[in-house]
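Sending over a structure as structure tokens; questions will come in a sec.
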4 protein chains.
Amino acid sequence: MNIKKGEKRQQILDSAVAVFAEKGFYNAKVTDIAHKAGVAHGTVYLYFQTKEDILIQIFEEKFEELVSYIFMEVGVEHNALAKLRRLILIQLQMVETNPELTELMLLEARQSSKFILSSAISKIGDYCDKIEGILKEGIEEGLVRPDLDLTVASTMLYSGIEGIATRWMLENKHYNLNLCAEQLIQLFIGGIRNLP
Amino acid sequence: MNIKKGEKRQQILDSAVAVFAEKGFYNAKVTDIAHKAGVAHGTVYLYFQTKEDILIQIFEEKFEELVSYIFMEVGVEHNALAKLRRLILIQLQMVETNPELTELMLLEARQSSKFILSSAISKIGDYCDKIEGILKEGIEEGLVRPDLDLTVASTMLYSGIEGIATRWMLENKHYNLNLCAEQLIQLFIGGIRNLP
Amino acid sequence: MNIKKGEKRQQILDSAVAVFAEKGFYNAKVTDIAHKAGVAHGTVYLYFQTKEDILIQIFEEKFEELVSYIFMEVGVEHNALAKLRRLILIQLQMVETNPELTELMLLEARQSSKFILSSAISKIGDYCDKIEGILKEGIEEGLVRPDLDLTVASTMLYSGIEGIATRWMLENKHYNLNLCAEQLIQLFIGGIRNLP
Amino acid sequence: MNIKKGEKRQQILDSAVAVFAEKGFYNAKVTDIAHKAGVAHGTVYLYFQTKEDILIQIFEEKFEELVSYIFMEVGVEHNALAKLRRLILIQLQMVETNPELTELMLLEARQSSKFILSSAISKIGDYCDKIEGILKEGIEEGLVRPDLDLTVASTMLYSGIEGIATRWMLENKHYNLNLCAEQLIQLFIGGIRNLP
DNA sequence: TATGAATGAGAGTTCATTCAT
DNA sequence: GATGAATGAACTCTCATTCAT
């Protein structure tokens, strides 16, 4: 019973990701989401309070998953620069692997005012904090210059990845995102590296 | 008559900037815009085709103004790195000077699908192209490393500025944006500089 | 322009009386009201805030009219008992003349909680106060017994008329309401008269 | 099993009385009723056909109880006037004893069209018939004037009690209902009494 | 018997857009 | 050019009712 309930919720959430990504939050109809999930539209309201709530839940849960996956992978590496490299690579790979979710995160995350003020900020903030953690390690390791402003650096990295991904999506994915990742890595690491 | 017409159009456009920035595109009512401009809502339709058209026009004209202003200022400098420094400084200053317009550009620009596919991409693309132009100059001047991917670099710069600005706005402007600008400059220039 | 605006409002109000009377407040659709008034349903919302607001306005305005008409007629008479007789006669005549409005007053007035607590109580209260005024006159004239509780008497008169009318309507109007009026007059006046 | 069934049915019926009285028929949710009765909402449909059916059953059974209780008490008295006096007193006492049920009877009874046309009329009609019976006795006893219209008189008595009770409830029960009862008795009996 | 997840008809309301004045 | 009354498509959300378990 419990599993079933969770399953239907997941179906709706997944459908919502797809529909929001395709049409945008405001142009997405609850009926579309329900239809895609194979349920009646009333059913959506058994699991979510409002349409906006669906977006919030997506962000809460999916972003969470994303971040924990990334940092699990990142944890394999043994120094800060390698970790950052990995982080960038993985995140951009996800854009290819899971384009709908990424599109939603990048393009739609900013739409609903309520949403912006609630979870989105804190989630992105948390993510940037984790990046800052890596940067701090890098400073301790002597690999990153100690005068670096961690907030600015982490924000720039997050936004830079976002920007590259957004552009790639909007330009119809006609070039190799992995190469961009390498360039981004060089650029960012060049900017933060501790030079002798 | 022509001047007058232009004036009323401008009033509406300016009001729209304010209203879109405050409420977001989808939550902004045409009536609000008209009211703020001191005209009847029917009047809006004498100057613009649809609500979306207003957003497009804002982007077309206001972004144009922004970019040409920035590059006028940037033109004063005599080498690529100084130009980039200037560009970053000016653009972040504008976030403070003209927060509504900037907010609109950063947060709302991505909302309307029609819009995304029409002018926004090309305008941002144009802007990035100009940044690429500066980077190219830098390579020619020997200040920027020649293996730099210009697209990635320009996108990252644009997005990085955007990200810093967005975060600053969402975090209620409680810290000094100029200091961030300096950090951003160091980070970016560090990443692209040609090292001996 | 002003007249026109008022006219359309009246059309909607009149249609609402008919529709509410026919279907009851909760079963009446705003579309029905609009259709009967010959306007689009959106138009209703130019004149009234919500469906409930329509009911409130009806009560406010129509009851007002009713009461002032009744007391105008009643004013012709020169002693309290004659006035009461007239009041009963006129009010029951109105049930025949204006059945929809009366039905609404009698059957629907009590439906919306918001409504009950706002205007309806006070309107009926006002009406009963006026009846009490007549009773007071009657006491001064020596026609009504001075120990009569005016509140109870006025309430009973109001409710009695209401009850007779309601029953008449529910029993499909198959008997003569005027005869009932006479009986009601005798009964009530018998109960309040000052006996030597 | 039979007893149990009856018990659960009663629980639901009692909860419905409370919920309908509190929220009104149309604003009451079947879920609320079920919850208050400590059962699942599906269970309600094992005992009642529709939400409206619950109201009808309440009326059928509860009104029945009320009426039979009243006439049991009334039967103690030995002449018509005493019986009427008792009837009025008891009925108004019930308003204080059992306010929810009374409120339902007085305020909500008129809401559902189906209901009005089915049981409510006949139940009230039956009650009025019984009052008429007492009045007839009164005429035979020479206590009530023989020219009295029994229908009008019984209706007026019923409505008068209803009106007094309704007003008392709507005015937050801030005065003594027993005193009103005495006044009502005097007024009504004064109106019907056979005078020498 | 009892449950409660699922349904889906249906309502109120909003607001971009039109057009007669 | 300017107005703002009127429109009606379209949407979100509710809740009585059903039915598989």
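Numbers restart at 1 for each chain; the letters A, B, ... are given by sequence-line order, proteins then strands. Computed over heavy atoms, backbone and side chain alike; hydrogens, waters and symmetry mates excluded.
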* Structure fact -> The residue, B:Lys29 or A:Gly42, whose nearest nucleotide of DNA chain E is more 5′ is A:Gly42
* To do: Return no unless some side-chain N or O of B:Lys51 is found under 4.0 Å from OP1 or OP2 of E:dT17.
  => no
* **C:Glu64: side-chain hydrogen bond (donor to acceptor under 3.5 Å, both in side chains) partners, not counting sequence neighbours** => C:Lys123
* Dump the intermediate steps for side chain to side chain contact (heavy atoms under 4.5 Å, CB included) on C:Val30 and C:Tyr45, then the final yes or no. => CA-CA 9 Å; C:Val30 174; C:Tyr45 289 91; 3.5 Å; yes
* Between E:dA11 (P) and C:Ile54 (CD1): distance, integer Å -> 15 Å
* Asked: Tell me: CG of B:Asp53 to P of E:dA16, nearest whole Å?
  -> 14 Å
* **Test log, rule side chain to side chain contact (heavy atoms under 4.5 Å, CB included), inputs B:Ile54 and B:Val44** => CA-CA 9 Å; B:Ile54 304 174; B:Val44 171; 3.7 Å; yes
* Of B:Val39 and A:Thr31, whose closest DNA chain F nucleotide lies nearer the 5' terminus? -> B:Val39
* To do: Ignoring hydrogens and angles, answer whether the base of F:dA6 and the side-chain atoms of C:His41 contain a donor-acceptor pair closer than 3.5 Å.
  => no
* To do: Rounded to the nearest angstrom, tell me the gap between atom NZ in A:Lys8 and atom C1' in F:dA20.
  => 12 Å
* Asked: Closer to the 5' end of DNA chain E via nearest nucleotide, is it D:Thr43 or A:Gly38?
  -> D:Thr43
* To do: For B:Ala28, report the nucleic acid contact type (base, sugar-phosphate, nothing); a contact means any heavy atom under 4.0 Å.
  => sugar-phosphate
* Asked: Among F:dT3, F:dA16, F:dA6, which nucleotide sits nearest the side chain of D:Val30?
  -> F:dA16
* Quick one: the dot-bracket string of DNA chain E, using Watson-Crick and G-U wobble pairs with both distances under 3.5 Å, [ ] for crossing pairs and | for bases paired to another strand. => .||||||||||||||||||||
* Gap between atoms CD1 and C1', on D:Ile12 and E:dT1 respectively (whole Å) -> 12 Å
* B:His35 NE2 - F:dT3 P separation (whole Å) -> 13 Å
* Distance (rounded to the nearest 0.5 Å) between D:Tyr47 OH and D:Leu13 CG -> 12.0 Å
* To do: May I have the distance from C:Phe48 (atom CZ) to E:dT13 (atom C1'), rounded to whole angstrom?
  => 16 Å
* Structure fact -> note: A:Leu46, atom CG; F:dT14, atom C1'; distance rounded to Å ~ 11 Å
* Asked: Would you say a side-chain N or O of A:Tyr45 is under 4.0 Å from OP1 or OP2 of F:dC15?
  -> no
* Asked: Is the backbone of C:Ala28 close enough, under 3.5 Å, to the side chain of C:Lys51 for a donor and an acceptor to pair up by distance?
  -> yes
* **Nucleotide of F:dA5, E:dA6, F:dT3 approaching B:Ala40 most closely (side-chain heavy atoms)** => F:dT3
* Can you measure from NZ (A:Lys62) to CG (A:Asn98) and round to the nearest 0.5 angstrom? => 8.0 Å
* Nearest-Å distance, CD (B:Gln11) to C1' (F:dG1)? -> 14 Å
* To do: Examine distances only and state if a side-chain atom of B:Lys36 and a backbone atom of B:Asp14 form a donor-acceptor pair shorter than 3.5 Å.
  => no
